[in-house]
There are 2 protein chains.
Amino acid sequence: MTRIAGTPLSDIDKKLAESLGYSGTQTAAVVGITYRQLDYWARTDLIRPSLSDASGSGSRRRYSYTDLLELKTIKKLLDAGIKLEQVRKVFDYLREHVTTDIASAHLVIEGESVQVCDDGELIDVLKNGQGVLNMVFSMSGVKNELEADVADIASEILDEQPHRRIG
Amino acid sequence: MTRIAGTPLSDIDKKLAESLGYSGTQTAAVVGITYRQLDYWARTDLIRPSLSDASGSGSRRRYSYTDLLELKTIKKLLDAGIKLEQVRKVFDYLREHVTTDIASAHLVIEGESVQVCDDGELIDVLKNGQGVLNMVFSMSGVKNELEADVADIASEILDEQPHRRIG
DNA sequence: TCACCATCTCACATTGCTGTAACTACGAAT
DNA sequence: ATTCGTAGTTACAGCAATGTGAGATGGTGA
């Protein structure tokens, strides 16, 4: 493909965006899940790549950094023994109630309901938990871990391709 | 069965029911699960009736009150979206670390580990939860609910058999 | 054009049940 | 004592959810 003068900027932006994101394989590696799992989650609408979705065989998915954070959170919940069905509910909620500063919050799951709390209200919520299971999840911890994982994978990729031109 | 002067029939029946425990069908009704589910859990060793286990077709399972408490707890965990596999782990732990006063405690599940905490340590445990999901569960709430359910079912059973011969 | 590799499709496995049709023990009736 | 009904257990088949692996398909860049 040749760069033509007058090419719409959006094409360039799109290319840039795609180069900035993470492929399916990279994403799976960073998050610590199998590619098949990532594929399954995308096809069943749990989480789709926000930069570019697949559109037929041969196309490429591109995951954003935020996608990685969500994926890591999903994995943590699964590791803790939560059913995927419940995880879907939690993310349905989270996507409707977008918090700007999710990393500083605690996620509180109480039966069917989900809340994002800071330390103060946390205790109250727990004290009221008569006969229900309260699940508390610190998002900042997940973000820290993700940062480390991304760095690991990034350096691996650079090591594997030392010939790549950096302009 | 002999009627003793001065003792209300319901008391005798209740005592008898408690001494003999609860049948599979009764247990399922009290706990709020299907009989098939209860059967599955017994056959797969999640929880077996402690008074008398099944031993071939036609035999009878007999569940104790403590069994009911455990079953109710299991149901609560499942309702909260916990995988049965994780529930098995939690109960493996609980059966090894029997607490005399389980009803006044909180159950704290953190990844693979399980703890029984009271309010004081609870907060500390949660504050340390960097990137892991903490699940907190009040056992006293479950016990209260169970008591009500048992009373309901007991009266239902008595109502259904008003024709029972006495003497 | 060709190689590469991500995506897609299909088949199969496991878990956690559910439904149904035997099967059997126990108590009551005969 | 024998028969009989009922309630509970068992065996077996099947279902949905959640994947996994192998191989076909098809963009993309050199």
Side-chain angles (χ1 to χ4, degrees), chain A residues 1-3 11 14-15 18-19 21-29 31-49 51-63 71 74-75 77-79 81-89 157 160-161 163-165, chain B residues 1 16-17 20-49 51-63 71 74-75 77-79 81-89 91 157 160-161 163-167:
Chain A
M1 183 199 293
T2 318
R3 175 76 175 288
D11 278 7
K14 202 174 159 194
K15 272 235 157 334
E18 279 170 8
S19 74
Y22 303 82
S23 73
T25 312
Q26 285 168 5
T27 301
V31 175
I33 57 177
T34 64
Y35 172 79
R36 305 301 298 106
Q37 222 170 345
L38 185 67
D39 180 38
Y40 177 72
W41 293 352
R43 282 185 291 106
T44 56
D45 258 349
L46 172 58
I47 178 168
R48 324 183 71 127
L51 296 185
S52 76
D53 204 350
S55 56
S57 180
S59 64
R60 271 107 199 265
R61 297 192 180 102
R62 281 279 142 184
Y63 290 86
L71 284 163
I74 291 172
K75 179 170 165 39
L77 293 179
L78 289 181
D79 286 350
I82 310 284
K83 282 181 246 184
L84 195 64
E85 189 192 353
Q86 180 73 15
V87 174
R88 284 183 203 272
K89 282 184 197 164
I157 290 171
E160 281 165 14
Q161 306 179 343
H163 58 285
R164 177 180 291 181
R165 283 277 286 286
Chain B
M1 184 201 289
L16 192 65
L20 290 179
Y22 305 82
S23 75
T25 312
Q26 286 168 6
T27 301
V30 170
V31 175
I33 58 177
T34 65
Y35 175 79
R36 305 304 293 107
Q37 224 172 342
L38 185 67
D39 179 40
Y40 177 73
W41 294 351
R43 280 186 292 110
T44 57
D45 258 348
L46 172 59
I47 177 169
R48 325 184 69 128
L51 295 184
S52 76
D53 204 349
S55 57
S57 181
S59 63
R60 274 109 195 263
R61 297 194 179 101
R62 282 280 141 184
Y63 290 87
L71 284 163
I74 291 173
K75 177 168 167 43
L77 293 180
L78 290 182
D79 286 350
I82 309 285
K83 281 182 253 186
L84 195 65
E85 189 193 352
Q86 180 73 14
V87 174
R88 285 182 202 273
K89 282 184 196 164
F91 277 80
I157 290 172
E160 279 165 15
Q161 307 180 341
H163 58 284
R164 179 182 291 180
R165 286 277 286 284
I166 298 169

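The structure displayed is predicted, hence computed values, not measured ones. The chains referred to below are lettered A, B, ... by the order of the sequence lines, with proteins before strands, and numbering in each begins at 1. Worth knowing before you read on, the calculation uses all heavy atoms, side chains too, and leaves out hydrogens, waters and symmetry mates.
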Open item on the list: Measuring only between side-chain heavy atoms, which start at C-beta, is B/W41 closer than 4.5 Å to B/Q37?
Closed with: yes

TODO: Nearest-nucleotide wise, let me know which of A/S59 and A/E85 is further upstream toward the 5' end of DNA chain D.
DONE: A/E85

- [ ] Write down the distance between CG (A/D39) and C1' (C/dA6), rounded to a whole number of angstrom.
- [x] 9 Å

- [ ] Measure from the side-chain N and O atoms of B/S23 to the backbone N and O of B/R60, and report whether any donor-acceptor pair falls under 3.5 Å.
- [x] no

Task: Below 4.0 Å: OP1/OP2 of C/dC17 and any side-chain N or O of B/W41 - done: yes

Task: Side-chain H-bond candidate by donor/acceptor type, B/T27 with B/R61, under 3.5 Å - done: no

Open item on the list: Is B/T25 close enough to D/dG8 that one of its side-chain N or O atoms is under 4.0 Å from OP1 or OP2 there?
Closed with: yes

- [ ] Establish whether the base of D/dG8 is bridged to the side chain of B/R61 by a donor-acceptor pair shorter than 3.5 Å.
- [x] no

Task: Value in whole Å for how far the C1' atom of C/dT18 lies from CG of B/L38 - done: 14 Å

Task: Base of D/dG21 paired with side chain of A/R36 (donor-acceptor, under 3.5 Å) - done: yes

TODO: With DNA chain C as reference, determine whether A/G24 or B/T34 sits nearer its 5' end, using the nearest nucleotide of each.
DONE: A/G24

Task: Presence of donor-acceptor pair under 3.5 Å, side chain of B/S57 and base of C/dC23 - done: yes

TODO: Determine yes or no for a side-chain-to-main-chain donor-acceptor pair under 3.5 angstrom, with A/R62 supplying the side chain and A/G21 the backbone.
DONE: yes

TODO: Provide, to the nearest angstrom, the distance between the OH atom belonging to B/Y35 and the P atom belonging to C/dT20.
DONE: 16 Å

TODO: Return the value, rounded to whole Å, for the distance between atom CZ of A/R62 and atom P of D/dT28.
DONE: 12 Å

